There are 2 protein chains.
Amino acid sequence: MSPRPAVRPGGRSARVQESVHQAVRALQAEQAALTVPLVAARAGVTPSTVYRRWGDLKELLSDVAVERLRPEAPPADHGSLRADLEHWAAGFLEEMSSGPGRSYVRDTLAGDPDGSNAGQCSAYAREQVETVLARAVQRGEHVPDVDTVMDHVVAPMMYRALFRPGPLDAGHARDLVATVLYRLMPLP
Amino acid sequence: MSPRPAVRPGGRSARVQESVHQAVRALQAEQAALTVPLVAARAGVTPSTVYRRWGDLKELLSDVAVERLRPEAPPADHGSLRADLEHWAAGFLEEMSSGPGRSYVRDTLAGDPDGSNAGQCSAYAREQVETVLARAVQRGEHVPDVDTVMDHVVAPMMYRALFRPGPLDAGHARDLVATVLYRLMPLP
DNA sequence: CGACTAACGCAAAGAAGATGCTTTTAGCTC
DNA sequence: GAGCTAAAAGCATCTTCTTTGCGTTAGTCG
């Protein structure tokens, strides 16, 4: 969340921010070296503008990364809580354990002095889970607590993505969902 | 892990590495600005030495951070699996959610291109858990799988420490342990 | 529509990072 | 344990990034 003062969000400021973010994404896509002067040049902006608004490259990367982690759509409806959760969890694990996904999460954490971007990242996942659970409630299903899902489905996947090298087993997502639904569900 | 080539671990190299690590810790303790030249000066070494061995500041910080995350002693023995796990988990949460602890974990992740330091960080926790479980087996207790504990106790705590701002509830650690022991234990 | 001010551009100064070459010294062989 | 080899550290220099003061532009509000 940190265009530093976050004031004056309209007009030129907004254009500059968008232009700079876009420049970062472009350079990342090209595997190019990533420095403030290069980003600024690509964005058609002077370096000092970037330094003044973001402080340093890490914070800029954190802002760009958290933006990329924003879900593009609510989780698909597969007709049941279990199916919804399994599909969403599989997709989440896929994204977070991919090369780019790992980078985005690490960038988010790295350039985030006050933890607000990390919080936002977690909030995105939480919203998705809440959507799935709310839908299940509408169906009359018995659902677990959001925090239970965060602790026992989201957290284990994120932990493995961050702390374990190597590709992740997709079956793991399914197992975690099954564990929550059939062993951790509060009594009806 | 990564003094770049990691070769020649004796003599001068070792002294330089220790001296540089110590300089980083000293500057961190003083809240001083942290740059390679400053660290080098404090360590009585030329900056180019640091650049050649660690590549950049982030990697150096990662190495120092993972070093600080190494447990100093095996978990205390409190006479039962539950007590051992609860105490260890409480301590772990305390450490990871403290200001410095959070920084160490973030530094570890940030300057770790190949994920080896992150892996080491996770391995430390895993060793501690294994020690607790092995002791319980010796006592004849029925114990959960290490991976189950990692997924449902360690991961949730780490997730909250990293992604949620604000202090953490110590009772949470206890709850997670109870959940694993009484709801997720594989049948005897 | 005019004053106010946040945000940007520009340029210069200061600090950090990179690199070729030399010197030291750990580790190995005989 | 003396000499050889090459890894690692020192040194000097050059490049690049970062910071900062000041003038200008352009949203915003009365």
Side-chain angles (χ1 to χ4, degrees), chain A residues 1-28 30-65 67 107 110-113, chain B residues 1-28 30-65 67 107 110-113:
Chain A
M1 208 98 324
S2 41
R4 286 306 234 343
V7 224
R8 207 171 269 203
R12 186 164 65 163
S13 287
R15 282 198 305 277
V16 167
Q17 162 154 343
E18 178 47 32
S19 173
V20 169
H21 277 215
Q22 201 175 324
V24 169
R25 291 191 293 266
L27 291 172
Q28 284 177 333
E30 300 169 14
Q31 312 266 355
L34 222 53
T35 70
V36 171
L38 286 175
V39 170
R42 175 70 66 105
V45 159
T46 60
S48 64
T49 295
V50 175
Y51 287 118
R52 279 199 241 262
R53 276 193 53 157
W54 283 276
D56 63 12
L57 183 64
K58 284 189 326 192
E59 293 190 38
L60 169 57
L61 292 184
S62 179
D63 286 355
V64 172
E67 202 59 30
D107 287 349
D112 189 26
Chain B
M1 220 101 284
S2 44
R4 286 308 234 344
V7 225
R8 205 173 270 203
R12 185 165 65 161
S13 286
R15 282 199 304 277
V16 168
Q17 161 152 343
E18 178 47 32
S19 172
V20 169
H21 277 215
Q22 200 174 323
V24 169
R25 291 191 293 268
L27 291 173
Q28 284 177 333
E30 299 168 15
Q31 311 267 355
L34 223 51
T35 71
V36 171
L38 287 176
V39 170
R42 175 70 66 105
V45 159
T46 61
S48 64
T49 295
V50 174
Y51 288 120
R52 280 201 240 264
R53 276 192 54 158
W54 284 276
D56 64 10
L57 184 65
K58 284 189 326 194
E59 294 191 37
L60 170 57
L61 292 184
S62 179
D63 286 355
V64 173
E67 202 59 30
D107 287 348
D112 189 25

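As the structure is a computational prediction, the values presented were derived from the model and not from experiment. Below, chains carry the letters A, B, ... as their sequence lines are ordered, and counting in each starts from 1.
How far CG of Leu60(B) is from CD of Gln17(B): 9.0 Å, rounded to the nearest 0.5 Å.
One interatomic measurement links the two molecules: NZ of Lys58(A) to C1' of dA16(C), which rounds to 15 Å at whole-angstrom precision. Put simply, CG on Leu60(B) is 15 Å from C1' on dA16(C), counting in whole angstrom units. What separates CG of Asp56(A) from P of dA15(C) is a distance of 18 Å, to the nearest Å. At whole-Å resolution of the value, CG in Leu34(A) and C1' in dG17(C) are 17 Å apart. Computed from coordinates, the Gln17(A) CD to dA26(D) P distance equals 19 Å when rounded to whole Å. Rounding to whole angstrom units, CH2 of residue Trp54(A) and P of dC17(D) are separated by 18 Å. Computed from coordinates, the Tyr51(B) OH to dA12(D) P distance equals 17 Å when rounded to whole Å.
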Side chain to side chain contact (heavy atoms under 4.5 Å, CB included) between Val24(A) and Leu61(A), intermediate numbers included: CA-CA 8 Å; Val24(A) 169; Leu61(A) 292 184; 3.7 Å; yes

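Side-chain N/O atoms of Arg15(A) and base N/O atoms of dG27(D) include no donor-acceptor pair closer than 3.5 Å.
Using a distance-only test at 3.5 Å, with no hydrogens or angles considered, no donor-acceptor pair links the side chain of Asp107(A) to the main chain of Ala110(A). A donor-acceptor pair under 3.5 Å is absent between the side-chain atoms of Arg25(B) and the main chain of Val64(B), judged by distance alone.
A salt bridge links Arg42(A) with Glu30(A); the closest basic N to acidic carboxylate O contact falls under 4.0 Å.
Side-chain nitrogen and oxygen atoms of Arg52(B) include none within less than 4.0 Å of the OP1 or OP2 phosphate oxygen of dA18(C). Side-chain nitrogen and oxygen atoms of Thr46(B) include none within less than 4.0 Å of the OP1 or OP2 phosphate oxygen of dC11(D).
Considering only side-chain atoms of Arg12(A), the nucleotide from dT20(D), dA9(D), dG27(D) that sits closest is dG27(D). Residue Thr49(A) places its side chain closer to dG9(C) than to any other of dG17(C), dG9(C), dG10(D). Nearest nucleotide to the Ser48(B) side chain, out of dG9(C), dA12(D), dC17(D): dA12(D). Nearest nucleotide to the side chain of Val45(A), out of dG9(C), dC8(C), dA16(C): dG9(C).
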